[in-house]
Amino acid sequence: MNNRVIKIIFGISISLYMFIVCFNNITDYDSNFQFVRMVSGMGDVFSKEKTGWRSINSETLHHIMYLFIIASELTIAMLTITGVFKMIRKVKSGSVEFNKSKKLLLTGLSFGVILWFGMFVTIGGEWFLMWQSKNWNGQNTAFLLCICFLLFSIHLNQRDE
């Protein structure tokens, strides 16, 4: 299979994943909101007596945080799908044009790493000690997503001749 087509298929896969994530977060707002509420509220961490001062217990702030996550995911979805369409339009073009067409998809993938590593692994995992939670630990999933986005970025960033 042509390397350009593989890159486009990777982009479609990421875009589809992001749209499904957004769909789930919007249509099942409450269950995913509970994740944000419990993690930021440090509801079941085992060291809350020493670190509980970090917790956020404002429902308004929980909604703001969750809406920020959803907006970030929608941004990633829009960047990646727009990037895919640009790549499809340039798939038969010269290497310079095709390489330029990858910019938005790479930007979306970069934002994905920032979201899942910055928000979930760093802030959720370490600041709110999500790793201590038996029920609300999303670090493994966040790390897996970071790795997938980085691997797709590395492959996508390879020059096409």
Work out which heavy atom in Met119 is nearest to a heavy atom in Ile69; give both atom names and the distance. CE-CG1, 4.1 Å
4.5 Å side-chain heavy-atom contact, Ile81 and Phe19: yes
Is the count of non-hydrogen atoms from other residues, nucleotides or ligands lying under 6.0 Å from Met38 atom CE greater than 12? yes
Residues Val121 and Ala142: closest non-hydrogen pair is CG2-CB, 3.8 Å
Hydrogens and angles aside, do Lys102 and Asn99 bring a side-chain donor and acceptor to less than 3.5 Å of each other? yes
Would you please indicate yes or no on a ring centroid separation below 6.0 angstrom for Trp136 and Phe128? no
Could you walk me through whether Glu126 and Trp131 pass the side chain to side chain contact (heavy atoms under 4.5 Å, CB included) test, one step at a time? CA-CA 7 Å; Glu126 290 303 320; Trp131 64 270; 3.9 Å; yes
Would you give the length of the straight line joining atom CE of Met18 to atom OG1 of Thr75, rounded to the nearest 0.5 angstrom? 9.0 Å
Under 3.5 Å, side chain of Ser47 to main-chain N/O of Lys50, donor-acceptor pair present? no
Heavy-atom check, side chain of Phe120 versus side chain of Gln139, under 4.5 Å: no
Quick one: does any side-chain atom of Ser133 pair with a main-chain N or O of Met130 as donor and acceptor, under 3.5 Å? no
Ile14 and Phe149: side chain to side chain contact (heavy atoms under 4.5 Å, CB included), yes or no, with the steps? CA-CA 8 Å; Ile14 288 291; Phe149 276 53; 3.6 Å; yes
Do Ile64 and Tyr29 sit in the same hydrophobic cluster, where Ile, Leu, Val, Met, Phe, Trp and Tyr count as joined when their side-chain heavy atoms come under 4.5 Å apart? yes
For Val45 versus Leu129, what's the shortest heavy-atom pair and its separation? CG1-O, 3.4 Å
Nearest-0.5 Å distance, CD1 of residue Ile114 to OG1 of residue Thr122: 11.0 Å
Closest non-hydrogen atoms of Lys7 and Met87, given as atom of the first, atom of the second and distance, are CB-CE, 3.8 Å
How long is the span from the CG atom in Leu151 to the CG atom in Leu156, to the nearest 0.5 Å? 12.0 Å
Is there a side-chain contact between Ser40 and Met65 in this structure, where contact means two heavy atoms from C-beta onward sitting under 4.5 Å apart? yes
Hey, what do you get for CG (Leu105) to OG (Ser110), rounding to the nearest 0.5 Å? 9.5 Å
So if you build clusters from Ile, Leu, Val, Met, Phe, Trp, Tyr with side-chain heavy-atom gaps below 4.5 Å, do Phe98 and Val96 land together? no
Please check if the side chain of Tyr17 supplies one atom and the backbone of Ile12 the other of a donor-acceptor pair under 3.5 Å. no
Does the side chain to side chain contact (heavy atoms under 4.5 Å, CB included) test come out yes or no for Lys100 and Ser95, once each step is laid out? CA-CA 8 Å; Lys100 285 181 183 178; Ser95 61; over 6 Å; no
With distance as the sole test, does Gln132 use its side chain to make a donor-acceptor pair with the main-chain N or O of Phe46 at under 3.5 Å? yes
Transitive ILVMFWY side-chain link Ile88 to Leu16, under 4.5 Å: no
Heavy-atom pair of closest approach, residues Leu109 and Ser153: CB-OG, 3.2 Å
List the steps, then state whether ring-ring contact (aromatic ring centres under 6.0 Å, His included) holds for Phe111 with Trp116. CA-CA 9 Å; Phe111 281 8; Trp116 277 289; over 10 Å; no
Could you measure the distance from the OG atom of Ser101 to the NZ atom of Lys86? Nearest 0.5 Å is fine. 8.5 Å
Check the hydrophobic clustering (I, L, V, M, F, W, Y; side-chain heavy atoms under 4.5 Å; chains of links allowed) and say if Leu150 and Leu144 are grouped together. no
What distance do Phe152 atom CZ and Thr80 atom OG1 have between them, rounded to the nearest 0.5 Å? 11.5 Å
Ignoring hydrogens and geometry beyond distance, is a side-chain donor-acceptor pair present between His62 and Asn57 at under 3.5 Å? no
Ring centre gap for Phe68 and His63 strictly below 6.0 Å: no
Co-membership, hydrophobic cluster, residues Ile26 and Phe23, 4.5 Å side-chain: no
For Asn32 and Asn24, which heavy atoms make the closest approach, and how far apart are they? ND2-O, 3.5 Å
For the rings on Phe117 and Phe143, is their centre-to-centre separation under 6.0 Å? no
Does Thr82 use its side chain to pair, donor to acceptor, with the backbone of Leu79 at less than 3.5 Å? no
